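Before any comments, here is the structure.
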Amino acid sequence: MVDVKFIRQNVDLVKNALQNRGSSIDLATLMDLDDRRRAIIQKAEELKAQRNQFSLRIARAKGEGGDLEQEKSEMRRISDEIKALDGQIREVETAIEAFVLEIPNIPHESVPVGRDSSDNPVVRTWGAKPQFSFAPKDHWDIGENLGILDFKRAAKITGARFTVSWGAGSRLERSLISFMLDVHTRDHGCTEVWTPFMVNRDSMTATGQLPKFEEELFKTDDYFLIPTAEVPVTNLYRDETLPEEDLPIKLVSYTPCFRREAGSYGKDTRGLIRQHQFNKVELVRFAHPERSFTDLEELTAEAENILRKLNLHYRVVTLCTADLGFSSAKTYDLEVWMPAQGVFREISSCSNFLDFQARRGQIRYKSKQGKKTELCHTLNGSGLAVGRTVAAILENYQLEDGTVRVPDALKPYMGLDLIGPIG
RNA sequence: GGAGAGAUGGCCGAGUGGACGAAGGCGUUCGCCUGCUAAGCGAAUGUAGGGCCAAAAGCUCUACCGAGGGUUCGAAUCCCUCUCUCUCCGCCA
């Protein structure tokens, strides 16, 4: 959530930022509401101050047994007026809140202005494309041929965009989760957390999934299924004040993720790339505002480190203004090389949300001297999306006979050097 | 699912209609004192919003005792609804 006070003082800047994002929100409506709000507050508070004084006088006079009927009826009038004004204030504030919750974050000044994903500049590229003496197969063909991926039965027991993994495939999924968690906790100093996979409406609102993207979420009568661990993990400290010296707080969490993928019909219909349920290891940071961009670089490097250890060719792009997620001020996408299609595919998204989520969720910090309580900055990034990592490994490590080599880093976890056919 | 108890400041805990933003204690911070430490003494110590101010500082007003509504001139205190927590019973991986 962008601060209304900030918007008021920087209307043109915000207007411009929204335009760069391709958003057509009319700020004039908001400014009118805010003007009205302050006018009513002023009136109401004046009356309240009056009421308090009357109240005091009545209390004092009570002992002396004076006739206070006149004061009382006057007070009744004031009280009624206050009640009416308070109702109006509530109304206006509800409207303002609803409005502001729909405003996306303001892109950081270092974010390039662009029209779509083709305007995302490449920051760096790591590794090299693997060379094949044969035509590399798609990961879904490799997986189905080996018997480790089973899309048909997943469709039978649930539906489209779900996957069953068998044997080494299942083990690969589990190995990757363990491997990633181990690297992030052991080498990067993150604390591992295990959270609920369903959350309430307040949590979804704090991180920015709600109110705007409800159609993207699966839900039960009572709760929402998390689309990413970002939601439960960031909300760990909702409505809390953290000690300044604890920042940055570095967390890592494995969770399954559930997404409706509404509006993506016909996109990535085969394979592991776009699923309704997938596994992800997520990095989350609560940062000091003064160094959150350093944190973003560090967090991105931590995610990259997984790809490097797996020896997967990838590149880093900066999302331009048009491609930036709703809550983010700056995002780096890590894109892994997929040899079968000959393209780079997103495998991690690392973002700095500044105080956007912290304001929605009231996540704050305070110095030991207790000077001031201020909003934290929050960040997160996939470290990594597990399903897509499986896809990348199958494609990049495939051999001509249809088997798949196990990356060195995973051998201790897999207890195998080669994934062969199940049978 | 059934029965009961509860929700007050960073924490503990008092407060059943009027000077209560809220006693007392603990904690924390600053100062004093003391060979050092501990103890002791003194002071400070919530959040949000509005106004004044170019702004900060500061001053001032308002709100907040789980949430919302009601009664009343006046509500932490009385009434209603909701949420959450705890205890016991039942069921269950």
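A, B, ... follow the sequence lines: proteins, then strands. Residue 1 opens every chain. If you're wondering where the values come from, they're calculated on a predicted model, not measured in any experiment.
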Results of ring pair (Phe, Tyr, Trp, His ring centres under 6.0 Å) for A:F218 - residues two or more places apart only: A:H276
Selection: residues 9-17 of chain A, any non-hydrogen atom under 4.0 Å of RNA chain B: none
Distance, C1' atom - from B:rG17 to B:rA76, rounded to whole angstrom: 11 Å
Side chains of A:N352 and A:S292, donor plus acceptor under 3.5 Å: yes
Nucleotide nearest A:K48 when distance is taken to its side chain, options B:rG51, B:rC73, B:rU62: B:rU62
B:rU47 phosphate, OP1 or OP2, under 4.0 Å from A:T373 side-chain N/O: yes
Which residues share a ring pair (Phe, Tyr, Trp, His ring centres under 6.0 Å) with A:H377, sequence neighbours left out: none
Gap in Å between the two C1' atoms, one belonging to B:rA3 and one to B:rC64, rounded: 34 Å
P spacing across the pair B:rA75 / B:rC65, given as an integer number of angstrom: 11 Å
Side-chain donor-acceptor distances from residues 408-423 of chain A under 3.5 Å, at least two apart:
{"residue": "A:D408", "atom": "OD1", "partner": "A:K411", "partner atom": "NZ", "Å": "2.9"}
{"residue": "A:Y413", "atom": "OH", "partner": "A:D182", "partner atom": "OD2", "Å": "2.6"}

Pairs satisfying ring pair (Phe, Tyr, Trp, His ring centres under 6.0 Å), at least one member in residues 220-244 of chain A, at least two apart: A:Y237-A:F286
Separation of the P atoms in B:rG18 and B:rC78, to the nearest angstrom: 12 Å
Sequence-aligned protein contact record of nucleotides 75-86 of chain B, with B where the base is within under 4.0 Å of a protein heavy atom and S where only the sugar-phosphate is: ------------
Range-with-range stems of RNA chain B (Watson-Crick or G-U pairs under 3.5 Å, three or more in a row): B:1-7 with B:83-89, B:10-12 with B:24-26, B:27-32 with B:40-45, B:46-52 with B:58-64, B:66-70 with B:78-82
N/O (side chain, A:K366) to phosphate O (OP1/OP2, B:rU45) under 4.0 Å: no
Phosphate OP1/OP2 of B:rG51: any A:R38 side-chain N/O under 4.0 Å: yes
Without placing hydrogens or testing angles, list every side-chain donor-acceptor pair under 3.5 Å for residues 191-198 of chain A, not counting sequence neighbours.
none

Side-chain ion pair, A:D150 and A:K156, N-O less than 4.0 Å: no
Nearest-Å distance for atom pair CG/C1', residues A:D239 and B:rG10: 16 Å
A:E81 with A:K48: basic N within carboxylate O range, under 4.0 Å: no
A:R51 to A:F54, cation-pi by 6.0 Å centre distance and 45° axis angle: no
Pairwise P distance for B:rC20 and B:rU72, with rounding to whole Å: 26 Å
Euclidean distance, atom CD1 of residue A:I58 to atom C1' of B:rG17 [Å, nearest integer]: 14 Å
Distance-only donor-acceptor check, side chains A:E230 and A:Q357, under 3.5 Å: yes
Distance in angstrom units between A:R77 CZ and B:rG74 P, rounded: 13 Å
Candidate nucleotides B:rG50, B:rG74, B:rU47, ranked by approach to the side chain of A:R364 - the nearest: B:rU47
Pairing residues for A:D26 by the side-chain hydrogen bond (donor to acceptor under 3.5 Å, both in side chains) criterion, not counting sequence neighbours: A:T29
With a 3.5 Å cut-off and sequence neighbours excluded, list the donor-acceptor pairs that the side chains of residues 324-332 of chain A form with protein atoms.
{"residue": "A:S327", "atom": "OG", "partner": "A:T207", "partner atom": "O", "Å": "3.2"}
{"residue": "A:S328", "atom": "OG", "partner": "A:K330", "partner atom": "N", "Å": "3.1"}
{"residue": "A:S328", "atom": "OG", "partner": "A:K330", "partner atom": "O", "Å": "3.1"}
{"residue": "A:S328", "atom": "OG", "partner": "A:T331", "partner atom": "OG1", "Å": "2.7"}
{"residue": "A:K330", "atom": "NZ", "partner": "A:S110", "partner atom": "OG", "Å": "2.8"}
{"residue": "A:K330", "atom": "NZ", "partner": "A:Y332", "partner atom": "OH", "Å": "3.4"}
{"residue": "A:T331", "atom": "OG1", "partner": "A:S351", "partner atom": "OG", "Å": "2.8"}
{"residue": "A:Y332", "atom": "OH", "partner": "A:E297", "partner atom": "OE2", "Å": "2.6"}

Separation of the C1' atoms in B:rG6 and B:rG21, to the nearest angstrom: 23 Å
Any N/O donor-acceptor pair, A:E45 side-chain to B:rG51 base, under 3.5 Å: no
Touch class at under 4.0 angstrom, heavy-atom based, for A:T241 against every strand present: nothing
Where at least one partner belongs to residues 70-110 of chain A, residue pairs that pass ring pair (Phe, Tyr, Trp, His ring centres under 6.0 Å), sequence neighbours excluded: A:H108-A:F293
Distance test, side-chain N/O of A:R90 to OP1/OP2 of B:rG69, below 4.0 Å: yes
A:R37 side-chain N/O to B:rG49 phosphate OP1/OP2 under 4.0 Å: no
salt_bridge(A:E335, A:R388) N-O dist < 4.0 Å: no
N/O (side chain, A:N52) to phosphate O (OP1/OP2, B:rU62) under 4.0 Å: yes
Between B:rG51 and B:rG70 - C1' atom distance, rounded Å: 32 Å
Note: A:K152-A:E144 ion pair, threshold 4.0 Å (strictly below): no
Out of B:rG18, B:rU62, B:rG50, whichever nucleotide has its closest atom nearest the side chain of A:A49: B:rU62
Identify all pairs in which a protein N or O lies below 3.5 Å from an N or O of nucleotides 19-22 of chain B, and state each distance.
{"residue": "B:rA19", "atom": "N1", "partner": "A:R60", "partner atom": "NE", "Å": "2.6"}

Interatomic distance at C1', B:rA5 relative to B:rA93, whole Å: 29 Å
